[in-house]
Amino acid sequence: MRPNVRLTLLLFASIVPAVVWAQLTGSVQLGGHGAQEKDNPARASEYATTQSGPDSAVSLQYTGQGFYLGLDSLALSSERQDHALTIELGRLVRSHTTFSKLPHRLVHDSLANLAGAIADVKIVYATDMDPRARYGIRYDQFANHTDIQIPGASWLTISTDFREQWRQGHVQALSTSHCYSCHIVSQSRALDHHTKDAGLSATVTLGNWSVKASASTRDAREREGAPLRLYERAQHPALRTPLFDDRVTYDERNGPLPFNWYPTQEKDTYKLTVANVNFGGFSFLLSGTTSELTNTHTGNKVDYDGVSLTLARKLSPKARLAVYLRTYSFESTDYFYDSPEPAAVAGPYAGKTYRQRYGFDPDYLRQSALDRDVTEGIVRLTYRLGKLTTLTGQYQARQVDRANYQVAPDETTTLEQKVKLNLATRPVTGLHLQAFLTYADISHPFMALNAACNPDPLQTTPAPSPLAPGSVQYYQIHDARVADLTASPSRFWEARASASYQLGGASMANLSVSFWDGDNDDLDLTNWSKTVQAVTASVTWQPSEAIQTHAGASYGKRETETFVCIPLMDG
Amino acid sequence: MKNTAQFRTLFAAGTWKPYESLELQGEVGYTRASEMMGQILFNVSEEILAKLHDSNYDLSEAHTYSNLDSKRWDVNLSARARLAKGIHGVVSYNLVKYDDVTPYLADLSGRLDVFQVGLRWTL
């Protein structure tokens with residue numbers, strides 16, 4: 001008998017003594033299945049079990065005097081399971097525990113497409129060290145939430161949360177050696193990623209007021225070591241001489257080096273929430289959160305601090321107002337990268353580092369582009385126009401002020417503003433219509449400044465090699481780029497509509513359409529645009545109590561237009 | 001450069017109870033999805049390209065390298081019959097068939113067939 005079925009039966013037997021047998025409700029299913037896979041499983045059985053064998057599905061509930069026990073268990077195989085156990089001891093203890101197992105089969109990139117782009121192996125080639133490997137991850141998760149109310153202190157609820165997640169298996173790990181050519185190597189690497197969350201909270205309820213304070217901690221670590229790669233000796237691709245020693249920071253001389261490495265992370269989060277269902281006529285919710293995420297290997301940290309306020313009230317029998325405000329910030333540790341600067345051992349500048357030859361400083365201070373102060377708000381007014389018609393209007397604004405990243409010359413702030421309208425109505429019996437319309441204007445949307453296109457030739461005179469006097473260097477090509485790039489709109493329209501119509505007593509038709517049209521012409525040299533359209537139609541028909549049918553069709557299309565620059569290089 | 005993605009889905013499902021003790025169910029879904037980029041218009045004169053001895057800038061087919069096109073069938077057929085009071089026999093068949101029409105990183109075509117039988121006891 002498979003371990004999963006044995007486990008289910010053991011659980012089943014242990015919670016169902018004969019004295020309570022008659023008070024049980026639910027169902028028990030025992031059976032078996034045969035699975036057959038063919039060819040590549042990465043899509044056809046991406047998350048499905050491919051193991052044959054016995055299976056079980058159990059759903060049992062027992063309600064006794066001040067006691068409730070619920071078990072839902074699905075065990076298809078050793079790799080695909082879902083179990084949930086609920087226990088309630090009156091109001092004293094309410095506990096919900098789940099355990100899930102799931103496979104995730106992954107694609108094995110053959111790397112053959114590299115040859116389609118560039119056929120010359122002097123420039124790029126690939127080696128697959130494990131070409132027959134099948135990659136995949138087993139995903140397991142255990143979670144428990146328990147509420148405890150102490151007798152005589154019904155105003156206090158203590159809650160605990162615990163979650164453990166495992167991701168184990170083998171994945172494809174790629175590394176690239178740059179000189180003498182781009183040599184991409186594929187290796188199989190074992191993965192044993194473990195994440196553990198534990199949290200404790202206390203909720204005090206006095207009248208309409210409730211205050212909840214919570215603290216949680218997370219530990220995420222990879223328990224398998226990183227794969228190693230011995231990178232090729234840096235040398236000229238044709239001459240095989242060490243001409244590039246001043247242009248690489250590591251190669252064969254450093255020995256095997258780790259890559260595809262997961263740092264261990266720890267995160268502590270503290271949250272305080274104050275709520276009142278009737279505070280001066282308003283529903284009131286104020287919440288503050290602070291967290292610190294630490295990379296325990298480097299000591300680098302990301303701090304988050306946020307406060308939010310939600311207010312809602314009825315203005316009249318027909319109108320309701322809701323307001324949401326939030327402000328939060330991210331702040332990360334800066335990191336100074338001190339680049340190794342080896343000297344050239346051959347060529348016309350032997351004995352000199354790259355900096356000594358060209359004056360280029362490869363060191364830099366890494367400052368996170370995610371560091372920011374964000375303020376956002378939503379005001380929503382819902383008004384009942386008639387007995388069966390409701391109109392909702394919403395204004396939404398979000399300001400993102402980045403600490404270290406410019407989205408326009410000398411500008412770090414993005415301002416997004418959206419206006420939304422929603423109409424829901426039933427104009428005639430059996431017809432239900434809903435329509436949504438959104439217009440958004442984004443001032444200084446996220447973009448990369450001077451990220452592409454060199455309009456003028458950089459190398460106007462022939463140079464026999466990048467080492468020759470007068471030859472253009474990569475950093476000069478990088479610095480000469482002039483065109484801004486983005487994948488974010490500076491404005492967009494969105495419209496959605498849906499209708500359902502009751503066709504007599506036995507059938508119903510549904511139709512929904514959506515349209516999104518956005519562009520960005522704030523870029524200096526180019527434009528970006530995107531349109532998305534989708535339509536779904538379906539019909540439900542129930543000619544008799546014994547027959548129910550449902551059929552439909554969907555169509556969708558997305559078009560994105562952007563500018564591409566391809567620099568001409570030779571050698 | 002234009003990038004175009006499209007999907008089309010057809011689906012149908014039905015339940016039929018020919019007898020009080022027998023229920024038949026069926027679901028069929030078909031999805032065709034594709035994504036492709038437009039051809040790169042490379043406006044560089046032959047005279048300049050002729051000077052590039054070590055590089056190949058023939059991009060006439062480059063837009064086809066990342067084409068995605070797939071067909072997927074999802075079929076589920078099941079039957080449930082009452083064998084005795086509170087006891088049902090269940091049987092089901094599931095098919096997932098994925099055709100990778102233009103393989104990109106790898107040919108992802110594959111198929112999974114699952115046949116399942118069981119006895120369900122309702123308390």
Side-chain angles (χ1 to χ4, degrees), chain A residues 24-45 48-50 55-57 60 107-113 116-120 122-123 536 538 545-564 566 568-571, chain B residues 1-18 31 35 38 40 42 44 48-49 51-57 59 61-62 64-66 70 72 88 90-92 94 96-98 100 104-123:
Chain A
L24 275 175
T25 58
S27 65
V28 176
Q29 181 177 317
L30 298 175
H33 65 274
Q36 184 173 25
E37 58 172 326
K38 187 182 174 188
D39 299 328
N40 196 325
R43 289 289 176 272
S45 41
T49 182
T50 56
D55 56 53
S56 63
L60 292 173
V107 173
H108 184 152
D109 184 352
S110 66
L111 305 173
N113 60 318
I118 301 173
D120 188 349
K122 187 175 69 181
I123 299 170
T536 299
S538 65
E545 281 196 14
I547 299 176
Q548 294 178 38
T549 60
H550 182 67
S554 294
Y555 173 76
K557 184 178 184 181
R558 183 190 70 232
E559 285 185 317
T560 309
E561 194 153 8
T562 190
F563 200 82
V564 172
I566 301 174
L568 286 179
M569 299 174 69
D570 193 37
Chain B
M1 180 186 297
K2 186 178 280 188
N3 184 284
T4 305
Q6 294 185 81
F7 74 88
R8 312 154 196 83
T9 299
L10 298 170
F11 55 91
T15 303
W16 180 34
K17 291 179 71 172
T31 299
E35 182 151 6
I40 298 172
F42 200 53
V44 180
I48 291 178
L49 291 176
K51 294 180 179 177
L52 307 178
H53 301 295
D54 294 319
S55 300
N56 177 9
Y57 282 94
L59 302 179
E61 296 296 317
T64 64
Y65 297 160
S66 57
S70 65
R72 180 181 172 116
H88 289 82
V90 292
V91 57
S92 70
N94 278 279
V96 179
K97 188 172 185 297
Y98 185 89
D100 194 348
Y104 175 49
L105 299 179
D107 186 348
L108 300 177
S109 297
R111 174 179 174 137
L112 177 67
D113 296 82
V114 179
F115 184 74
Q116 188 173 26
V117 293
L119 274 179
R120 181 181 301 168
W121 178 28
T122 304
L123 300 174

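In this text the structure is predicted, and so the values were computed from the model without any measurement. Reminder, nothing fancy here: chain letters follow the sequence lines and each chain counts from 1.
Considering CD of B:Q6 and CD of A:E559, their distance stands at 8.0 Å, rounded to 0.5 Å. Expressed to the nearest 0.5 Å, how far OG of B:S109 lies from NZ of A:K38 amounts to 10.0 Å.
The heavy-atom pair separating A:S554 from B:F7 by the smallest distance is CB-CE1, 3.9 Å. Annotation for A:H108 and B:A106: closest pair O-CB, 3.4 Å, computed over non-hydrogen atoms.
In terms of the ring-ring contact (aromatic ring centres under 6.0 Å, His included) criterion, A:H33 has no residue partners (sequence neighbours excluded). Annotation: side chain to side chain contact (heavy atoms under 4.5 Å, CB included) contacts of A:A546 (sequence neighbours excluded): A:S544, B:K17.
A:N40 places a side-chain N or O within 3.5 Å of a backbone atom of B:D107 that can act as its donor or acceptor partner.
Interface residue A:H550: backbone and side-chain heavy atoms are both found under 4.5 Å from chain B. Using a 4.5 Å cut-off between heavy atoms, B:T15 contacts chain A through both its backbone and its side chain. Proximity to chain B is limited to the backbone of A:T49, based on heavy atoms less than 4.5 angstrom apart.
The shortest distance between side-chain heavy atoms of B:D100 and A:R43 does not fall below 4.5 Å.
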(request) Dump the intermediate steps for side chain to side chain contact (heavy atoms under 4.5 Å, CB included) on B:I40 and A:V564, then the final yes or no. (result) CA-CA 9 Å; B:I40 298 172; A:V564 172; 6.0 Å; no

(request) Take A:D39 and B:R111, measure what side chain to side chain contact (heavy atoms under 4.5 Å, CB included) needs, and give me the verdict at the end. (result) CA-CA 7 Å; A:D39 299 328; B:R111 174 179 174 137; over 6 Å; no

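Between chain B and the options A:G34, A:G556, A:A551, the largest number of non-hydrogen pairs under 4.5 Å is found for A:G556. Contact count against chain A (heavy-atom pairs under 4.5 Å) is highest for B:L119 among B:L119, B:L10, B:T64, B:V114.
Under the side chain to side chain contact (heavy atoms under 4.5 Å, CB included) test applied with A:E37, the options B:V96, B:L112, B:D113 reduce to a single match, B:L112.
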